[in-house]
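Below is one structure, written out as structure tokens, with a few remarks after it.
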Amino acid sequence: MSRMGDVLAGFHAAWEFESDSVLIRYERGIRTPKLFSALGERRIPLAAIEAVTLEPGRRGTVVLRIAPRPGADPLTEAAAGQLKDHCDPYRLVLPAERDALAEYYADELRAGLTESGPAERFLVAAPEVPLSFKAYDAKASFDGRTVRFRWFWTGASSAKWKAGDQSFAVSELSGVEWRSPEVFEGYLRLLRGEDLPVQADQDPATVVFGLGYGAVHESLPFAAAVLSAIRRGRGPMAAVAASSPRRDPADVAERIRHLGELHTAGLVTDEEFSAKKAELLAEL
């Protein structure tokens with residue numbers, strides 16, 4: 001491996017080569033992909049690397065790329081191949097005249113790889129919590145133990161309003177499904193065992209994205225952190241229930257008002273209206 005501390009700087013990032021890992025530091029700026037700025041930096045152990053490639057890029061550049069082993073990195077696992085090339089955090093774009101230097105580092109990295117194939121556990125650290133983002137129909141938050149969805153009355157379906165705000169302990173979850181907001185009908189779904197598929201806008205375990213909501217740099221690190229917590233067996237911590245904070249009376253009043261609108265429109269039955277109103281009042 002290269003001398004410890006060697007640095008290769010490219011567009012939007014610099015790679016520092018250490019004896020057992022590569023530390024990637026991302027630039028901040030208006031031209032830097034927002035996902036890079038959100039990540040800040042990532043340390044990739046050599047044990048987490050499956051392959052290293054060097055290929056010609058666009059407009060007089062070369063691209064040095066690390067491919068993590070399957071199951072080694074929660075970010076790439078959550079992304080499931082949906083990231084566009086310019087948002088791939090493991091691509092370093094360099095001027096073409098530096099191809100010889102890039103080839104040197106690529107060879108050095110390859111020489112240090114000792115493992116391949118699926119990893120038994122995550123080897124790359126997940127984004128740090130707490131994390132939150134705004135989807136089209138809810139605010140999602142994660143504190144490392146519990147995922148919470150708080151519905152927006154302007155976006156949530158009547159099915160989600162009737163179900164009420166949701167809290168999911170990590171111990172209840174079996175995985176996450178992230179569908180990029182850059183494609184049609186993006187969403188973040190929390191998986192719970194043998195749940196039957198439900199349309200995203202009707203599923204209380206799913207928040208839906210939309211234009212300007214659930215951006216990649218916000219929702220993907222969130223999904224990766226939740227997935228990492230699930231895989232690393234933090235269930236016992238999540239199972240310790242924390243007392244729920246009391247609701248803001250103005251918030252409860254607004255929710256009852258919206259519930260009344262649904263009732264008037266015939267989307268909620270008399271029984272459902274009475275039960276949900278009582279539930280909301282009990283939160284005061």
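Everything quoted here is computed from the prediction, not taken from an experiment.
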When rounded to the nearest 0.5 angstrom, what is the spacing between CD in E120 and CZ in R231?
13.0 Å

Would you call F168 and F149 a side-chain contact if the rule is heavy atoms closer than 4.5 Å?
yes

Under 3.5 Å, is there a donor-acceptor pair linking the side chains of Y90 and D73?
yes

In chain order, what residues pass the salt bridge (charged side-chain N to carboxylate O under 4.0 Å, His left out) check against E27, with sequence neighbours excluded?
none

Start with the C-alpha gap between E41 and I24, add the side-chain angles, then the distance that decides, and say whether side chain to side chain contact (heavy atoms under 4.5 Å, CB included) holds.
CA-CA 5 Å; E41 66 178 41; I24 303 176; over 6 Å; no

Look at the side chain of Q82 and the backbone N and O of S180, then say whether any donor-acceptor pair between them is shorter than 3.5 Å.
yes

Would you call E16 and E18 a side-chain contact if the rule is heavy atoms closer than 4.5 Å?
yes

List the atom of G144, the atom of A229, and the distance in Å for their closest heavy-atom pair.
O-CB, 4.2 Å

Evaluate E103 against L101 for side chain to side chain contact (heavy atoms under 4.5 Å, CB included), listing each step before the verdict.
CA-CA 5 Å; E103 183 64 52; L101 185 60; over 6 Å; no

Look at the side-chain heavy atoms of Ile, Leu, Val, Met, Phe, Trp and Tyr, link any pair under 4.5 Å apart, and say whether W178 and V124 land in one connected group.
yes

All heavy atoms of L188 vs all of A223, minimum pair found to be CD1-CB, 3.8 Å

Does S171 reach the side chain of I230, with side-chain heavy atoms less than 4.5 Å apart?
no

Any donor-acceptor pair under 3.5 Å linking the side chain of W151 with the backbone of G164?
yes

To the nearest 0.5 angstrom, please state how far the CZ atom of R232 sits from the CZ atom of F122.
7.5 Å

Could you list the donor-acceptor pairs under 3.5 angstrom formed between side-chain atoms of residues 45-71 and any protein atom two or more places apart in sequence or on another chain?
unit_1 : atom_1 : unit_2 : atom_2 : d
E50    : OE1    : G117   : N      : 2.9
T61    : OG1    : R58    : N      : 3.1
T61    : OG1    : R58    : O      : 2.8
R65    : NE     : D88    : OD2    : 2.8
R65    : NH2    : D88    : OD2    : 3.4
R69    : NE     : G117   : O      : 2.8
R69    : NH1    : A47    : O      : 2.7
R69    : NH1    : E115   : OE1    : 3.3
R69    : NH2    : G117   : O      : 3.3
R69    : NH2    : P118   : O      : 3.2

Could you go through the side-chain hydrogen bond (donor to acceptor under 3.5 Å, both in side chains) check for S21 and R43 one step at a time?
CA-CA 7 Å; S21 62; R43 183 179 297 278; 3.2 Å; yes

Pairs where residues 169-184 contributes a residue and the test salt bridge (Lys or Arg N to Asp or Glu O under 4.0 Å) is met, not counting sequence neighbours:
K84-E182, E177-R189

Within-4.5 Å side-chain heavy-atom neighbours: D137 and W153
no

Using the side-chain contact (heavy atoms from CB on, under 4.5 Å) definition, which of the options L131, V176, L190, V170 pairs with V147?
L190

Taking L92 as the starting point, is it possible to reach L109 by hopping between hydrophobic residues whose side chains are less than 4.5 Å apart?
yes

Backbone N/O of A200 and side chain of T206: donor-acceptor pair under 3.5 Å
no

Honestly curious: do L113 and I44 fall in one hydrophobic cluster under the side-chain, below-4.5 Å linking rule?
yes

Is it true that L35 and V22 fall in one hydrophobic cluster, defined by side-chain heavy atoms closer than 4.5 Å?
yes

Test item: Y105 and D6 side chains (from C-beta on) under 4.5 Å apart, heavy atoms
yes

Would you name the heavy atoms of L75 and P89 that are closest together and state the gap between them?
CD2-CG, 3.8 Å

At their closest point, which heavy atom of V207 faces which heavy atom of A138, and how far apart are they?
CG1-CB, 3.7 Å

Heavy-atom donor-acceptor pair, S157 side chain to D201 backbone, under 3.5 Å
yes

Is any side-chain heavy atom of R28 less than 4.5 Å from a side-chain heavy atom of T32?
no

Does the side chain of E185 reach to within under 4.5 Å of the side chain of F209, using non-hydrogen atoms?
no

Linking I/L/V/M/F/W/Y whenever any side-chain heavy atoms sit under 4.5 Å apart, do L83 and L39 land together?
yes

Stepwise, does the side chain to side chain contact (heavy atoms under 4.5 Å, CB included) test hold for S37 with H217?
CA-CA 8 Å; S37 298; H217 70 282; over 6 Å; no

Which residues share a ring-ring contact (aromatic ring centres under 6.0 Å, His included) with Y213, sequence neighbours left out:
Y136

Minimal heavy-atom distance between L227 and A78, with the atoms involved, is CD2-N, 4.0 Å

Between S219 and A215 (side chain of the first, backbone of the second, donor and acceptor by atom type, cut-off under 3.5 Å), is there such a pair?
yes

Looking at K160 and D203, does any basic side-chain N land under 4.0 Å from a carboxylate oxygen?
no

Sequence neighbours excluded, the answer for ring-ring contact (aromatic ring centres under 6.0 Å, His included) partners of F36 is Y26

Aromatic contact, F133 with F222 (centres under 6.0 Å):
yes

Heavy-atom nearest pair, P127 first then A225, reads O-CB, 3.7 Å

Pairs touching residues 89-101 that satisfy salt bridge (Lys or Arg N to Asp or Glu O under 4.0 Å), sequence neighbours left out
none

Heavy-atom distance under 4.5 Å between the side chains of L94 and F11, does that happen here?
no

Can W15 and V7 be said to form a side chain to side chain contact (heavy atoms under 4.5 Å, CB included), step by step?
CA-CA 6 Å; W15 291 12; V7 176; over 6 Å; no

